[in-house]
Amino acid sequence: MRGDLLKKGKIYQSLSGFYDVLCDEKIYRTRARGNFRKKKITPTVGDDVEFQTTNENEGYLLNVLPRRNSLVRPPIANIDQALLVTSAVEPDFSYNLLDRQLVSLEINNIKPIIYFTKLDLLDDSKMENFKKIQQSYEKIGYQTILPSLMDKEKLDSLFHEILKNKETVFMGQTGAGKSTLLNQISPGLQLQTGEISKVLNRGKHTTRKVSLMKVNGGLVADTPGFSSYDVLNIDAQYLRNYFPEFKNNAHECKFRGCVHINEPNCKIKELLSDGLIEQTRYDNYLNLYNIIKDRKPIYNKK
Ligand SMILES: Nc1nc2c(ncn2[C@@H]2O[C@H](COP(=O)(O)OP(=O)(O)OP(=O)(O)O)[C@@H](O)[C@H]2O)c(=O)[nH]1
Ligand SMILES: [Zn+2]
C-alpha cells in the first residue's frame with residue numbers, strides 16, 4: 001500500500017464517518033486518516049481530495065485540497081451556483097427567508113438563481129401578486145424562474161443550459177419542492193419526495209443527507225431543507241455590500257462607508273422613498289444589521 005500513488009477525487013457523499021469519493025468514474029469508500037480534526041477541517045461533500053486506496057473499492061482520505069467556497073447549511077464545498085427553491089405556499093413565501101439566503105450566498109460568492117414552486121396552488125389574483133415579487137428580484141439583477149410561465153420544453157432546455165458544467169446546490173425550506181424538481185429534470189433519479197402535511201407535522205425531512213449527482217452534464221446537490229439559519233460571518237458595517245441594489249448605488253451616498261441608516265443624503269434612502277428600492281428588502285437589511293450588530297463577537301478561526 002505504501003507505494004500506491006495518491007489518487008485525486010471528489011467527495012460525493014458523506015455518511016457516518018465514511019466519505020464516498022468519485023475518481024475516474026468509480027466510487028471509493030474512504031475514511032479520514034491524518035490530523036483533519038487538529039486542522040479543524042471537516043471533509044465536506046464537494047471537496048476535492050487526495051486519497052490512497054487500500055483495495056479495489058476502499059481507501060483512506062489523506063488531504064482536502066483548498067476550497068473555492070463552502071457553506072455550513074447545507075454543508076457543501078466548491079459550488080458555482082445555488083438554485084433557491086422557493087415555494088409560494090405550503091410553506092408560505094417569506095421575504096425574510098429568501099433575503100437571508102441571498103445574503104448568505106452573496107457572502108460566499110455563490111450565484112443564486114431563484115426558482116418558484118407551487119404556483120399551481122395560487123388563484124389568479126395571488127398569481128398576479130407573485131409576479132410582482134418575481135419582478136422585484138429580477139430588477140435587483142437576480143435570475144428568477146417562474147415555471148408556470150414556461151412550457152415544459154423551454155424549461156427543460158433552460159435547465160440544460162443552467163446545469164451544464166456547473167456544480168449547483170439545490171437549497172430551500174423543507175417541503176419547498178427540491179426533490180420534486182430534481183425528479184422532473186432528471187426522472188431517472190427517483191428521489192423520494194415527502195407529502196407536505198406529513199412532512200411538516202412530524203417535523204421530518206424527506207431528504208436527510210447531502211449528496212452529489214450527475215444531472216444534465218453538471219453536478220447537482222440535493223440538500224435537506226433547513227430549520228435554522230447560517231450564521232452570517234461578517235461585520236454589520238459590511239452587510240450593505242451583499243444587497244446588490246444598495247452596493248450599486250452607494251457611490252451616490254454623501255458619506256463613504258454610509259450604512260444607509262441614519263446618515264444624511266443617503267442615496268439608498270432616497271431610492272427607498274421613491275419606491276425604487278423595495279421596502280421589504282430595506283426592512284430585512286435593517287433586521288439583519290441589528291442581529292449582526294447585537295451578537296457577541298465572533299473570533300475568526302484564521
Ligand atoms: N402542488 C404542488 N406541489 C408540489 C410542487 N412541488 C412540490 N410539491 C409537493 O410538495 C411536497 C414536498 O416536496 P419535496 O420535493 O419532497 O420537497 P423538498 O424540498 O425536497 O423537501 P425536503 O426533502 O424535506 O427538504 C410533495 O408532496 C410534492 O409533491 C408544486 O410545484 N406544486
Ligand atoms: Zn447611504
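Just follow the structure's listing: the first ligand is 1, and inside any ligand the first atom is 1.
Contact check on D80 versus K111 returns no salt bridge, with no Lys/Arg side-chain nitrogen under 4.0 Å from an Asp/Glu carboxylate oxygen. At a threshold of 4.0 Å, the pair R256-E263 does not count as salt-bridged, since none of the basic side-chain nitrogens sits closer than that to a carboxylate oxygen. Using a 4.0 Å cut-off between charged side-chain N and carboxylate O, E245 and R281 make a salt bridge.
Residue T180 has at least one heavy-atom neighbour below 4.0 Å for each of these atoms of ligand 1: 6 (N), 7 (C), 13 (O), 14 (P), 15 (O), 28 (C). Near L121, the atoms of ligand 1 lying under 4.0 angstrom from a non-hydrogen atom of the residue are 1 (N). Listed by atom number, the atoms of ligand 1 under 4.0 Å from D120 heavy atoms are 1 (N), 2 (C), 30 (C), 31 (O), 32 (N). Applying the 4.0 Å criterion to heavy atoms of Q173 picks out, from ligand 1, the atoms 19 (O).
Judged by distance alone, the side chains of N96 and N284 do bring a donor and an acceptor atom under 3.5 Å apart. Between the side chains of E278 and S136, no donor N or O sits under 3.5 Å from an acceptor N or O. For the residue pair N249/E252, the side-chain donor-acceptor check at 3.5 Å is not satisfied.
The aromatic rings of Y285 and H260 sit tilted relative to each other, their planes meeting at an angle between 30° and 60°.
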Listing, residues 119-130 side-chain donor-acceptor contacts under 3.5 Å, not counting sequence neighbours, or none:
residue, atom, partner, partner atom, Å
D123, OD1, S125, N, 3.3
D123, OD1, S125, OG, 3.4
D123, OD1, K126, N, 2.9
E128, OE2, K131, NZ, 3.2

Show every donor-acceptor pair shorter than 3.5 Å between a side-chain atom in residues 158-165 and any protein atom, with sequence neighbours excluded, or say none if there are none.
none

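Taking any N or O of G177, backbone or side chain, at least one lies under 3.5 Å from an N or O belonging to ligand 1. Of the N or O atoms in T174, one or more lie within a sub-3.5 Å distance of an N or O in ligand 1.
For the pair G172 and ligand 1, no heavy-atom separation below 4.0 Å is found.
For Y282, there are no ring-ring contact (aromatic ring centres under 6.0 Å, His included) partners two or more places apart in sequence or in a different chain.
The closest non-hydrogen atom to atom 5 (C) of ligand 1, taken over K118, M171, Q184, comes from K118.
Legend: protein N/O/S atoms lying under 2.8 Å from the Zn ion (ligand 2), waters omitted, number 4.
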